Protein chains: 2
Amino acid sequence: MPTIKDVAKKAGVSISTASYALNHLPNVHPETRKRVFLAAEELNYYPNGSAKNLKKRKTGNIGVFIYGFSGPIFSDVLEGIRHKLQENNYNIIVSSGKSSTNLLQERQVDGAVIFDAEITDLDLSAYASHGVPIIVLDRKLEGPNIYSSVIENDKLVYQFVNQMIKKGYHDFAYVSGPLDAFNNNQRYEGFKKALKDKNITNHQYYQGDFTIQSGYEAGLEIIKRKDRPKFVFCANDESAIGLIQALNEANINIPDEIALSGFDNIYLGQYIKPKLTTIGINHILWGEKVAEAMINIVSGHTVEKIEKPVGEIYERETC
Amino acid sequence: MPTIKDVAKKAGVSISTASYALNHLPNVHPETRKRVFLAAEELNYYPNGSAKNLKKRKTGNIGVFIYGFSGPIFSDVLEGIRHKLQENNYNIIVSSGKSSTNLLQERQVDGAVIFDAEITDLDLSAYASHGVPIIVLDRKLEGPNIYSSVIENDKLVYQFVNQMIKKGYHDFAYVSGPLDAFNNNQRYEGFKKALKDKNITNHQYYQGDFTIQSGYEAGLEIIKRKDRPKFVFCANDESAIGLIQALNEANINIPDEIALSGFDNIYLGQYIKPKLTTIGINHILWGEKVAEAMINIVSGHTVEKIEKPVGEIYERETC
DNA sequence: TTGTAAGCGTTATCAG
DNA sequence: CTGATAACGCTTACAA
């Protein structure tokens with residue numbers, strides 16, 4: 001593996017001149033620069049990242065640390081982040097599990113976007129206070145060098161449920177996500193508030209965990225009941241899809257007998273039968289906004305607030 | 001940000017002793033070690049990755065460079081890789097786009113797994129010959145320091161189609177993936193060979209691109225025809241799902257009027273109606289095998305062949 | 001058991 | 001415009 005020393009020698013210049021030339025600094029004779037580039041080309045030289053980063057005290061890498069690699073909404077957010085970072089010559093590094101912590105602690109990233117509830121608030125605060133700025137997604141956390149960006153889950157659900165009540169629905173059920181999921185809880189708050197404001201005093205509740213399977217199981221329970229709800233709000237699209245499957249199998253008409261909706265607007269929702277009514281935000285755009293904020297932060301600009309992604313209701317065939 | 005120097009000073013030892021202690025080398029007095037760890041703890045010290053990597057000439061990072069962050073099979077492969085790497089104290093770094101090339105060139109990874117057709121053979125060969133071992137997935141590439149791991153697409157499809165012929169199907173159609181997709185081409189080869197070996201001389205062909213949408217469009221065309229095929233083999237599950245949707249909307253019974261199948265065994269296939277017959281390999285396991293091979297490679301062991309992931313037929317309701 | 005010092009491959013300061 | 005040279009923060013002979 002050639003180093004800058006080899007390049008310099010081949011070009012017949014000093015190491016520092018080689019460095020200047022390769023980094024496009026102005027103070028280099030065009031002729032010299034050409035020789036250096038030629039040498040680099042011939043040797044197939046690329047700078048060693050570790051050395052460069054050590055010296056410059058920054059890596060140009062932004063870490064995105066997520067809980068797992070699956071999940072349809074992750075991919076869109078990641079794509080948005082990637083796009084914006086690439087536009088600004090930053091590298092995106094996505095990781096998960098123990099690697100996340102390692103990369104963060106060893107400062108192999110200049111900043112970190114956290115989409116992983118497994119990393120504790122305490123740890124995040126520690127990393128942030130030691131110099132790596134952090135943006136947490138879908139989670140509330142304050143502190144020096146820490147920023148957070150959350151969807152307005154509660155507000156969106158509130159609006160939507162309100163709309164459904166106006167449409168004539170009264171008997172609601174909620175299929176929940178995991179109890180420790182921030183976004184599930186916010187969605188549930190919005191749901192309850194909407195009912196309360198219209199004096200609807202009770203509703204059914206089914207515990208799920210955001211998976212298709214759990215929605216399916218909730219469906220099975222609903223089918224068994226005498227007092228079936230007229231409208232089931234599912235905390236995310238996956239559970240709604242599971243629910244649809246259960247109702248389909250039992251030949252219960254959607255939306256006539258039971259109407260329902262999800263949250264997230266995943267790609268698939270348009271391709272099932274009936275097409276899923278849902279609430280969605282533009283995740284790619286969200287990713288872009290987050291990346292934009294991160295770029296500002298790591299380049300020393302002050303960032304007050306990260307622009308909130310706006311949501312939208314997609315009324316399709318399930319209600 | 002504290003450095004090892006600060007830790008050493010605080011513990012009242014030399015830098016090297018601090019280093020020895022922190023790295024669990026045996027030649028340190030227990031008492032001294034304790035003091036060093038205490039100091040590190042109090043200062044909240046973590047070693048600087050760039051410095052460490054520079055000195056050790058390895059990073060402990062394995063890069064996984066993919067085309068995009070979406071795709072249901074990616075996530076499983078990634079999960080398998082992550083799991084195995086973590087078990088062996090390597091970090092996983094997933095990236096995409098320009099970042100991939102940067103990280104590779106600057107040697108911020110000790111090895112790279114490539115799942116991205118956009119990076120050319122030529123470039124890969126160059127990186128590999130410059131010291132970073134490379135494993136390409138679902139792609140054929142040879143050279144020093146380059147390894148490849150491919151599914152037996154052709155063989156699996158051959159077996160499956162054969163089975164369908166035995167079941168009595170004669171009029172086949174193929175819904176293709178992108179023409180430049182290695183796995184699509186392999187699958188098509190297997191498909192054609194199975195027909196040929198049974199003296200079935202022709203079949204219909206629909207060009208698609210692995211998306212639900214393209215499968216849906218193929219379905220629309222099929223519906224229009226007088227001579228509809230009896231069995232449609234879709235190059236992947238997504239296109240099969242699109243096809244199912246089109247047939248469902250046209251009230252064409254699956255599998256009685258038209259049978260079909262996909263490839264990949266994505267999660268969703270079990271949750272649509274009718275449940276999708278497909279061919280799948282265990283992607284998590286595949287990821288694990290690949291990671292295992294990579295670990296062997298970067299730790300200097302010779303690796304002859306990467307274990308081939310075995311496939312399985314999931315016969316469900318669409319045929 | 002501990003300390004000194006060289007060096008990993010860069011960048012950047014300072015003289016020339 | 002170019003070249004010595006001192007860091008960056010760590011590991012690791014080698015010496016003590």
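Every chain is numbered from 1, with letters handed out A, B, ... down the list of sequences. What you are looking at is a predicted structure, and each value in this text was computed from that prediction instead of being measured.
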To the nearest Å, how far apart are Ile4(A) CD1 and dC8(C) P?
14 Å
N-O pairing of Glu31(B) and Lys34(B) below 4.0 Å:
no
Using atom CE of Met1(B) as one end and atom C1' of dG9(D) as the other, report the distance to the nearest whole Å.
11 Å
With respect to the phosphate group of dC8(C), does any side-chain polar atom (N or O) of Asn53(B) fall under 4.0 Å of OP1 or OP2?
no
For Ser50(B), report the nucleic acid contact type (base, sugar-phosphate, nothing); a contact means any heavy atom under 4.0 Å.
nothing
Once you round it to whole Å, what is the distance between P of dA7(D) and CD1 of Ile15(A)?
17 Å
Looking only at heavy atoms, the pair that brings Asn91(A) and Leu85(A) closest together is O-CD1, 4.1 Å
Contact class for Thr3(B) (heavy atom, under 4.0 Å): base, sugar-phosphate, or nothing?
sugar-phosphate
So which heavy atom on Asp116(A) is nearest to which on Ile66(A), and how close?
OD2-O, 3.6 Å
Donor-acceptor pair under 3.5 Å, Thr32(A) side chain vs dT2(D) base
no
Please confirm whether any donor atom in the side chain of Ser19(A) sits under 3.5 Å from an acceptor in the base of dA12(C), or the reverse.
no
Judged by each residue's nearest nucleotide on DNA chain D, which is more toward the 5′ side, Ser16(A) or Lys52(B)?
Ser16(A)
Will you find, in the side chains of Gln108(A) and Asn61(B), an N or O donor that is under 3.5 Å from an N or O acceptor?
yes
Is the distance from OP1 or OP2 of dG9(D) to the nearest side-chain N or O of Tyr46(B) less than 4.0 Å?
no
Any Arg57(A) side-chain N or O less than 4.0 Å from OP1/OP2 of dG9(D)
yes
Starting at atom CZ of Arg107(B), determine the distance to atom C1' of dC8(C), rounded to an integer number of angstrom.
12 Å
Has Thr17(B) got a side-chain N or O lying under 4.0 Å from the OP1 or OP2 atom of dT2(C)?
no
Lys9(A) NZ to dT2(D) P: how many Å, rounded?
20 Å
How long is the line joining CD of Glu106(A) and C1' of dT11(D), in whole Å?
14 Å
Quick note, Lys56(B) side chain, CB onward, closest among dT12(D), dT2(D), dA12(C) is dT12(D)
Between dG9(C) (P) and Leu43(A) (CG): distance, integer Å:
14 Å
Report yes if a side-chain nitrogen or oxygen of Asn48(A) is closer than 4.0 Å to either non-bridging phosphate oxygen (OP1 or OP2) of dC8(C); otherwise report no.
no
Please figure out whether Arg33(B) or Ala51(B) has its closest DNA chain C nucleotide nearer the 5' end.
Arg33(B)
Return the orientation label for the Phe37(A) and His24(A) ring planes: parallel under 30°, perpendicular over 60°, tilted otherwise.
tilted
Look at the side chain of Tyr20(A) against the base of dG3(D) and say whether a donor-acceptor pair falls under 3.5 Å; ignore hydrogens and angles.
yes
Given atom CG of Leu54(A) and atom C1' of dT11(D), what is their separation to the nearest angstrom?
13 Å
For Asn27(B) and Lys55(B), take the nucleotide of DNA chain C holding the closest heavy atom to each; which residue's nucleotide lies nearer the 5' end?
Asn27(B)
Taking atom types as modelled, is there a side-chain donor on Ser16(B) or Ser19(B) under 3.5 Å from an acceptor on the other?
no
